[in-house]
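Since this is a predicted model, take the numbers as computed values, not measurements. Chain A is the first sequence line, chain B the second, and so forth, proteins listed ahead of strands; every chain is numbered from 1.
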Amino acid sequence: MERPLTKNIRPNEDPLSLMEYEQAGGYRAVRTMLSTMSPQDVQVQVKASNLRGRGGAGFPTGMKWSFVPMGENAPKQKYFIVNADEMEPGAFKDRYLLEGDPHQLIEGIVVAAYAIQASHAYIFLRQGYGRAELLLNKAIAEAYENKLLGENILGSGFSLDLRIHTSAGRYICGEETALINALEGKRATPRAKPPFPQVSGLWGRPTVVNNVETVVNLPHIVNNGADWFKSIGGINDSGTKIYGVSGRVRNPGLWELPMGTMVSDLIEEQAGGMMDGYRLRAFMPGGASTDFLTPDHMNVRMDFDSVMKAGSRMGTGTITVLDDRTCPVGFVHSLEKFFRRESCGWCTPCREGLPWIERTLQAIETGKGEMSDLDLLTEQCRLLGPGNTFCALAPGAVEPLQSALKYFLEDFESHINNKHCPWKSI
Amino acid sequence: MLTEQEKQEISEELKHCERPEAAAIEALRVVQKKRGWVSDASLRDVAAQLSMTPAELDAVATFYSFIFRKPVGRHVIALCDSMVCWSLGHDDLYKLISTKLGIGYGETTGDNRFTLLPASCLGACDRAPAMMVDDELFGPVTPETIDEILSKYS
Ligand SMILES: Cc1cc2nc3c(=O)[nH]c(=O)nc-3n(C[C@H](O)[C@H](O)[C@H](O)COP(=O)(O)O)c2cc1C
Ligand code: SF4
């Protein structure tokens with residue numbers, strides 16, 4: 001089985017230096033691309049590979065790039081931004097790629113920037129990833145010294161400036177238009193779309209934002225081609241995916257596997273199943289903003305379309321398990337506390353609705369809930385749902401709530417009827 | 001008053017910015033690095049260097065969880081309370097740390113050694129329950145390892 005994205009990663013060791021990375025075949029994609037391919041060629045290949053964005057929504061990368069103005073009349077200054085904000089609870093895959101193989105990311109950035117003819121690139125890094133920052137800075141310096149970044153890369157005439165922006169801790173910065181505002185030194189509230197960033201993004205210029213995992217796929221697609229990329233994937237989707245499992249499993253962690261790997265394979269095989277004495281109650285396929293699924297969904301394939309059909313979203317592909325000895329109401333309360341804290345406050349339903357949801361859940365969890373609270377929560381799921389708010393944070397916040405009300409209704413009711421949490425001793 | 005070195009580090013950041021306000025976070029972090037937090041006086045000085053009004057800069061500063069506009073202790077403990085860490089023992093850990101240090105979330109110990117803050121997901125779910133002290137990540141943190149971790153910080 002091929003594991004292109006993680007083959008260089010040695011757990012608990014420093015990542016490959018530039019020399020080691022090149023010895024392992026690194027920067028071959030950049031060399032080939034700059035000497036034999038036009039930007040259009042790269043775009044065509046990425047489109048043909050069916051690479052879908054790994055930031056959560058699965059938007060086709062080639063299509064995203066195709067909206068960027070190209071050619072003589074296009075603005076000279078364009079931007080490519082790597083979204084390394086990774087603050088969604090349950091997600092920890094980008095950290096692994098950032099710390100594990102920084103040169104792979106830089107190579108991917110050069111490929112993407114060349115394809116859209118960007119002059120400047122940024123890595124938007126979350127707060128608290130200090131080790132990643134250190135290792136990336138080292139790798140970037142090596143790349144500059146060796147003419148793989150900066151003016152006239154490898155004598156090709158293509159130039160690219162790459163900088164890291166380290167954020168100061170706010171989940172909404174991961175939303176791509178909020179991220180752009182953050183980079184401009186504004187409060188990181190999202191922007192209205194249209195105009196889309198590809199046309200008018202950072203400083204009003206064409207800008208593409210891609211997730212870390214999306215970007216690290218690019219050198220491999222350039223090296224091996226679109227057909228190869230499809231061949232290492234699954235039935236519905238191309239490429240490999242960094243999957244993860246956390247929660248009460250024996251062996252929490254991350255694994256690179258073909259797109260479309262089954263949930264049961266991840267939870268039972270890779271993660272070693274539940275810890276002794278615990279049973280699987282439910283799981284979230286890819287982070288805090290994805291609907292719960294249940295043990296009935298163990299045979300769902302983890303690709304964007306299959307998880308959608310099962311009633312959730314693949315999101316980041318890092319599964320969170322909820323065990324049978326953890327209170328689902330408390331679990332959802334913890335989730336909504338996160339979203340309430342991280343709401344940017346820009347639009348009313350989210351700013352006002354999330355604190356209300358959190359207080360209601362807390363009341364239920366502490367035995368002070370009423371049956372009418374369940375209607376209130378259901379109503380809030382609608383009010384904060386798609387189309388009613390300025391960005392996708394609020395709809396993401398109510399996805400797990402609506403599915404919790406569906407799958408754990410009995411637990412909500414017993415909290416209310418018995419006036420205490422059954423998981424806590426009286 | 002900003003020190004010469006602080007001013008210089010901020011100027012260095014400004015060189016790479018399309019417009020001065022784009023260096024807001026970097027500049028605030030320069031100040032916070034030595035002083036631990038950003039006082040009103042520092043905020044005004046930084047704003048002047050970035051050609052922003054203090055209110056504009058404060059709007060940005062207060063947006064972020066890790067730009068401190070109030071004094072913090074010598075070390076900041078950020079304890080993850082998001083769902084994975086919550087389900088793997090956050091509440092007990094919080095109670096333990098809080099009892100040991102005699103402070104709750106948002107508070108600083110009398111000797112100014114620690115400030116305790118709740119943190120949104122630290123991206124270490126495979127190491128839950130996780131926490132950071134300053135720039136260092138710990139996990140899985142257990143009641144047994146807490147003392148050892150805290151004792152590293154004076
Ligand atoms: C509230 C919110 C937070 C987000 N956080 C992230 C993030 O941390 N990392 C990320 O890659 N995408 C995040 N996204 C999705 C981005 O807006 C964007 O779709 C993504 O970076 C595009 O990359 P891709 O096309 O490569 O998937 C977030 C979206 C929302 C609404
Ligand atoms: S939905 Fe929430 S996070 Fe998004 S713009 Fe509205 S207030 Fe901000």
[X] versus chain B, heavy atoms under 4.5 Å apart: side chain, backbone, both or neither?
X	answer
A:A271	neither
A:R126	side chain
A:H165	both
A:L254	neither
A:Y129	side chain
A:Q127	side chain
A:K337	side chain
A:E88	backbone

(message) Under a 3.5 Å cutoff, is there a donor and acceptor pairing between the side chains of B:Q5 and B:E9?
(response) yes

(request) Can you label the angle between the A:H120 ring and the A:Y79 ring as parallel, tilted or perpendicular, going by 30° and 60°? (result) tilted

(request) Classify the angle between the aromatic ring planes of A:F292 and A:F331 as parallel (below 30°), tilted (30 to 60°) or perpendicular (above 60°). (result) tilted

(request) Compare all side-chain heavy atoms of A:I242 with those of A:L97 and state whether any distance is below 4.5 angstrom. (result) yes

(request) Find out whether the Lys NZ or Arg CZ of A:R325 is both under 6.0 angstrom from the six-membered ring centre of A:Y278 and within 45° of the ring's axis. (result) yes

Mind ranking [options] by heavy-atom pairs under 4.5 Å with chain B and telling me who comes out on top?
options	answer
A:A91, A:G345, A:A188	A:A188
A:R248, A:E86, A:R163	A:R163
A:P89, A:G128, A:A182	A:P89
A:S334, A:P252, A:C344	A:S334

For residues [X] and [Y], report the shortest heavy-atom separation together with the two atoms involved.
X	Y	result
B:C80	B:C121	SG-CA, 3.7 Å
B:I67	A:A168	CG1-CB, 3.8 Å
A:S167	A:C173	OG-SG, 3.9 Å

Where on [X] is there a heavy atom nearer than 4.5 Å to chain A: the side chain, the backbone, both, or neither?
X	value
B:A61	neither
B:R29	side chain
B:Q32	neither
B:D81	both
B:L50	neither
B:M83	both
B:A128	neither
B:I25	side chain

(message) Please identify, among B:G123, B:P20, B:C17, the residue contributing the most non-hydrogen atom pairs under 4.5 Å to chain A.
(response) B:G123

N/O donor-acceptor pair under 3.5 Å between [X] side chain and [Y] backbone:
X	Y	result
A:D324	A:R279	yes
B:E26	B:E13	no
B:S39	B:W37	no
A:T320	A:S246	no

(request) Applying side chain to side chain contact (heavy atoms under 4.5 Å, CB included), run through A:D411 and A:R281 and close with a yes or a no. (result) CA-CA 12 Å; A:D411 300 283; A:R281 182 80 201 274; 2.7 Å; yes

